[in-house]
Each structure stands twice: as structure tokens, then as C-alpha cells.
Amino acid sequence: MNSAAGFGAAGLGAARVGAAVFDAAETMSVDERTAVQTERLRALVDRLLAAEGLLGRRLRAAGVDSAAGLTLADLPRLPQTTKTDLWEHYPLGMLAVPTEQVACVHGSSGTGGRPTLVAYTAADTALWANVMARSLVGAGATRASVIHNAYGYGLFTGGLGVHHGAGALGATVVPMSAGMTQRQLRLIQDLRPDVLACTPSYAIYLGEAFAAAGVSPQEIGLRVGVHGAEPWTDAMRAQIERLLGIRALDIYGLSEIIGPGVACEALDSGGWLHVQEDHFYVEALDPVSGAPVPDGQLGELAFTTFTKEALPLLRYRTGDLARLMRTPGQGSRTTVRMSKLTGRVDDMLVIRGVNVYPSEVEQVVLADPAVAPQYLLVVDARMAQARMVVCAEAVTSEVAASDAVVSRLGEALRERLGLSCEVVLAAPGQLPRTEIGKARRLVRWESGEPPIPGLR
Ligand code: DLL
């Protein structure tokens with residue numbers, strides 16, 4: 001197993017679970033951190049100017065010819081980067097290093113199936129391993145941990161990101177990747193991992209498969225789950241915790257910034273995610289004006305990668321919506337906290353003139369005890385006047401036949417969204433599950449067969 005020497009107090013053991021941190025950067029005073037960030041911001045701006053790429057040109061156009069004297073307070077006047085920039089410079093036109101320094105590439109299938117590619121130098125991969133190890137230690141993992149990694153391996157950053165982090169921590173990683181559920185169940189029972197890393201929807205899938213096989217959470221033996229890569233709610237968290245007998249924690253990240261490990265929940269962070277802001281500076285912006293919003297207010301997250309070499313980004317607009325909180329939290333970490341994501345800017349649906357965020361629908365549907373944590377939003381766009389159908393999976397076949405539950409859900413949705421939408425209850429197991437990749441919760445029905453049998 002690897003040594004984590006030089007990276008702080010990794011692997012302090014079960015007695016201090018929750019208090020352990022991997023890297024001293026996580027508990028720095030605000031002043032110390034500001035000094036580190038300011039120095040790193042200046043180094044980044046100098047690198048971008050020297051590379052003379054898109055961001056260097058944008059900096060000059062904004063009147064920044066040198067990094068001298070820049071402080072964090074200057075960030076709001078620095079140029080922003082968007083996914084369109086990456087698409088327009090596809091595949092790797094935004095590299096800030098010579099191609100021979102690129103150690104690997106990753107990517108994401110992204111919105112509308114358009115790929116985004118990102119590149120890493122060897123130092124970027126080491127940085128990624130470090131922030132991922134921070135996330136794992138925050139979840140209570142130690143060098144003695146066995147980490148069952150069911151995120152997909154490949155271009156997707158989930159599998160290899162967790163893998164690198166487990167290596168930096170010095171834990172044992174089981175590189176399962178996604179899918180082949182029966183084999184996953186078998187190896188979890190045989191190797192007795194304490195940490196499960198996978199998407200939240202797959203954690204539920206695994207939990208349901210264990211329940212179907214008659215294996216109890218005690219027999220499973222897992223302690224904690226590190227779940228992310230797709231939206232999930234506290235209702236899903238409760239479901240995962242019940243099915244698998246674990247603490248289920250949130251981990252956030254995106255390929256453009258590094259992959260998983262940009263921010264993560266810790267055992268003692270009270271439901272907030274700590275952003276690794278010594279490397280990834282975060283702002284919450286008004287999605288329309290692009291101006292920073294005050295702490296506590298919902299905004300679009302934008303990240304500046306202070307230290308990344310191959311593909312540094314300035315104020316990258318993620319499209320992800322969350323709240324930031326810079327006041328100290330209850331746990332040991334001092335870094336800025338972000339809420340669970342509440343949705344995406346581009347997920348916003350406009351149904352009959354009303355703005356609808358799928359996350360709001362999810363909150364209503366999954367709060368109803370008659371509904372299992374499976375649902376699908378169907379936007380029926382076959383006619384000019386789109387209608388929204390909320391397909392929710394009932395906990396039992398009897399409930400699936402209940403008109404009372406349908407009208408209760410319809411009423412709760414109307415109250416929350418200010419829009420009446422149709423509710424369809426499916427019998428247990430009827431809605432499609434995702435075994436590999438991210439869960440699909442929203443379908444546009446443009447023409448042809450209905451996405452769910454029987455839908456009209
Ligand atoms: O999904 C990285 C990742 C892998 C994160 C494993 C966590 C665990 P991408 O494929 O580039 O990277 O997708 C990034 O996924 O902008 C969010 O919209 C969404 N996302 C990621 N984590 C969460 C989360 C990885 N915890 C996009 N909650 C992001 C909600 C998430 N959405």
C-alpha cells in the first residue's frame with residue numbers, strides 16, 4: 001500500500017473517524033488560505049498570459065496584462081469560461097502545456113451527448129489523487145479501508161478518480177467499475193469493504209439487489225458510501241442508508257475542473273460539502289447577469305482552477321446551482337461549504353410558461369411515503385403545448401392502483417410548482433433502472449412510442 005507521508009494525518013483510525021483530515025490545507029485559518037489563494041491566482045494569471053491561448057487573450061482584453069497586485073477581490077472582473085469554449089476548441093484546443101506533457105485525458109458525454117474532453121499532466125493527476133483522498137478520509141476511510149469502487153472506469157472521471165484517491169490514501173481499492181451487479185454483490189460479501197463508491201442510483205440498485213437476495217445490511221458490512229455524479233435528494237439518502245446500513249455522503253465534481261473531489265461531504269459537516277478551495281476557488285453567480293450573489297443565496301457555481309496545469313480554467317460556469325456558506329461550520333474543516341446541488345441552470349423546463357426545475361419535482365415526489373425512490377419526468381413535446389407527466393414508482397402494487405395517492409401527488413406538485421401535471425403510478429420495479437452510468441430522470445417524448453409502456 002502507498003504511503004501518504006507529507007499529506008497530513010491520514011488514516012487516524014476508527015477512534016477519530018469524523019475528525020480526521022487528510023491535508024492541513026483543509027483546516028487552515030482563513031488568513032492563511034487567502035494568502036495561498038492570492039499567490040496561486042497570480043501564478044495562474046501569469047501562466048495563462050504566457051500561454052497566449054483563449055484565456056490569455058481574454059485577460060488582456062479585460063485589461064489584465066500582468067498578475068502583479070491581483071487579489072481575490074479582483075476575480076469578479078476577470079473573464080469567465082463556459083462549456084461552449086471547450087466545445088469550440090474541441091478536442092484539446094485549450095491546453096496550456098505542450099502536448100507531450102499530457103499524461104492522460106478524460107471526458108464526459110455531457111449535455112445533449114456532446115463530448116467534452118479534458119487533459120491532465122502528471123502533476124494534475126497527483127493533485128486529483130490528493131483531493132480525492134481528502135474526500136475519502138472525510139468519509140471516515142483510513143489506510144486500512146477496503147474501497148469497493150463501482151463508478152465506471154474509462155473516460156468518465158468517477159472510476160479512476162476514486163482509484164487515484166484510494167492510492168494516495170494507501171487504502172485497498174477494488175476496481176469493480178459499474179454493472180454486473182451479481183458479481184458486485186458477491187465481491188462485497190467476500191471482501192467485506194467498509195467504503196462503497198458509486199452513483200446514488202446504483203447504490204439503491206445494489207441495495208435492492210441485496211434485499212432481493214435476502215442479505216441484510218448487517219451481513220453486508222459496509223460502513224459508508226460516497227455518492228455523486230448525478231442529482232440526488234435526502235429522501236434517496238435515507239433509502240440508501242436503510243437498504244445498505246451505511247452513512248451515505250455526497251461527493252461533487254466535474255471533469256472540466258478535475259473530476260470527483262472538487263467538493264465533498266464529511267462525516268461531521270452536517271450535510272454540507274466542503275470545497276477544496278485552495279485548488280478550486282468557487283463563486284456563486286446569478287445565472288442571468290453572471291454577477292456574484294451573496295452567501296446563502298442560490299447561484300450558479302463557477303470555479304477557478306488555481307493549480308491545474310494542462311487545462312486551467314478561469315471562473316468556469318458549471319451550470320450547477322447551489323448555495324455557498326463561508327461562515328465556519330460545525331466540523332473540523334474551515335473551507336467554504338456548499339449545499340447539495342439543487343439543480344442545473346440548463347435543466348430548467350419551461351412548461352406552459354412556468355419555469356420548472358426537475359429537482360423540485362423530485363423533492364415533492366420522493367417526500368411521499370407511497371413512492372419508492374424511482375421516478376421519471378416525461379415532457380410530452382409531441383404537441384406545441386407541452387405537458388409534463390410525472391411517473392413515480394409505488395412502494396407496493398396495491399399503492400400503484402391507488403387513485404388517492406395519484407391525486408395527493410398531483411395536488412402537492414401543483415402547490416409547489418404552480419402548475420398542474422399528470423401523475424402516473426407505476427408498479428414496483430416497472431421504471432427503468434440504470435446499471436451503468438448516470439441515472440436518466442428526464443425524457444423528452446418528441447414522437448413515436450411512449451418512453452414508458454402504457455403512457456398515452
Ligand atoms: O460526474 C464527476 C464525478 C464522478 C462526481 C463521481 C462525483 C462522483 P462529469 O461526468 O463531468 O463529472 O459530470 C459533472 O455531474 O456538473 C453536475 O451537474 C453532476 N454532478 C456531479 N456530482 C454531483 C452531485 C462527474 N454530487 C456533472 N450531485 C456536474 C449532483 C452532480 N450532481
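As the structure lists them, so they are numbered: ligands from 1, and atoms in each ligand from 1.
The pair Lys308-Asp124 does not meet the salt-bridge criterion, since no charged nitrogen lies less than 4.0 angstrom from a carboxylate oxygen. With respect to Arg441 and Glu230, no salt bridge is recorded, no charged nitrogen being found less than 4.0 Å from a carboxylate O. With respect to Arg333 and Glu277, no salt bridge is recorded, no charged nitrogen being found less than 4.0 Å from a carboxylate O.
Applying the salt bridge (charged side-chain N to carboxylate O under 4.0 Å, His left out) criterion to Asp85, with sequence neighbours excluded, gives Arg58. The side-chain hydrogen bond (donor to acceptor under 3.5 Å, both in side chains) search around Gln101 returns none, not counting sequence neighbours.
Between Ile251 and ligand 1, a contact under 3.5 Å exists for at least one N or O pair. Considering backbone and side-chain N/O of Asp320, one or more are found under 3.5 Å from N/O of ligand 1. Among the atoms of Asp250, some N or O lies under 3.5 angstrom from an N or O of ligand 1.
Within a 6.0 Å radius of CZ in Arg433, more than 12 heavy atoms belonging to other residues, nucleotides or ligands are found.
The Thr157 neighbourhood of ligand 1 comprises atoms 2 (C), 12 (O), 25 (C), with distances under 4.0 Å to a heavy atom of that residue. Interface of Phe156 with ligand 1, defined as ligand atoms under 4.0 Å from a residue heavy atom, comprises 1 (O), 4 (C), 10 (O), 25 (C). If you number the atoms of ligand 1 from 1 as listed, the ones under 4.0 Å from a heavy atom of Gly253 come out as 2 (C), 5 (C), 12 (O), 14 (C), 21 (C), 22 (N), 25 (C), 29 (C). Atoms of ligand 1 found under 4.0 Å from any heavy atom of Tyr151 (numbered from 1 in listed order, with element): 6 (C), 8 (C).
Taking the centre and axis of the six-membered ring of Phe210, the NZ or CZ atom of Arg242 falls outside the cone set by 45° and 6.0 Å.
With a 4.0 Å cut-off on non-hydrogen atoms, Leu254 touches ligand 1 through its backbone as well as its side chain. Contacts of Lys438 with ligand 1, taken as heavy-atom pairs under 4.0 Å, involve the side chain alone.
Remark: among candidates Glu230, His106, Arg344, Lys340, the nearest residue to atom 32 (N) of ligand 1 is Glu230, based on non-hydrogen atoms.
Ligand 1 has no atom lying under 4.0 Å from any heavy atom of Gly161.
A side-chain N or O of Asp268 and one of Ser332 form a donor-acceptor pair less than 3.5 Å apart.
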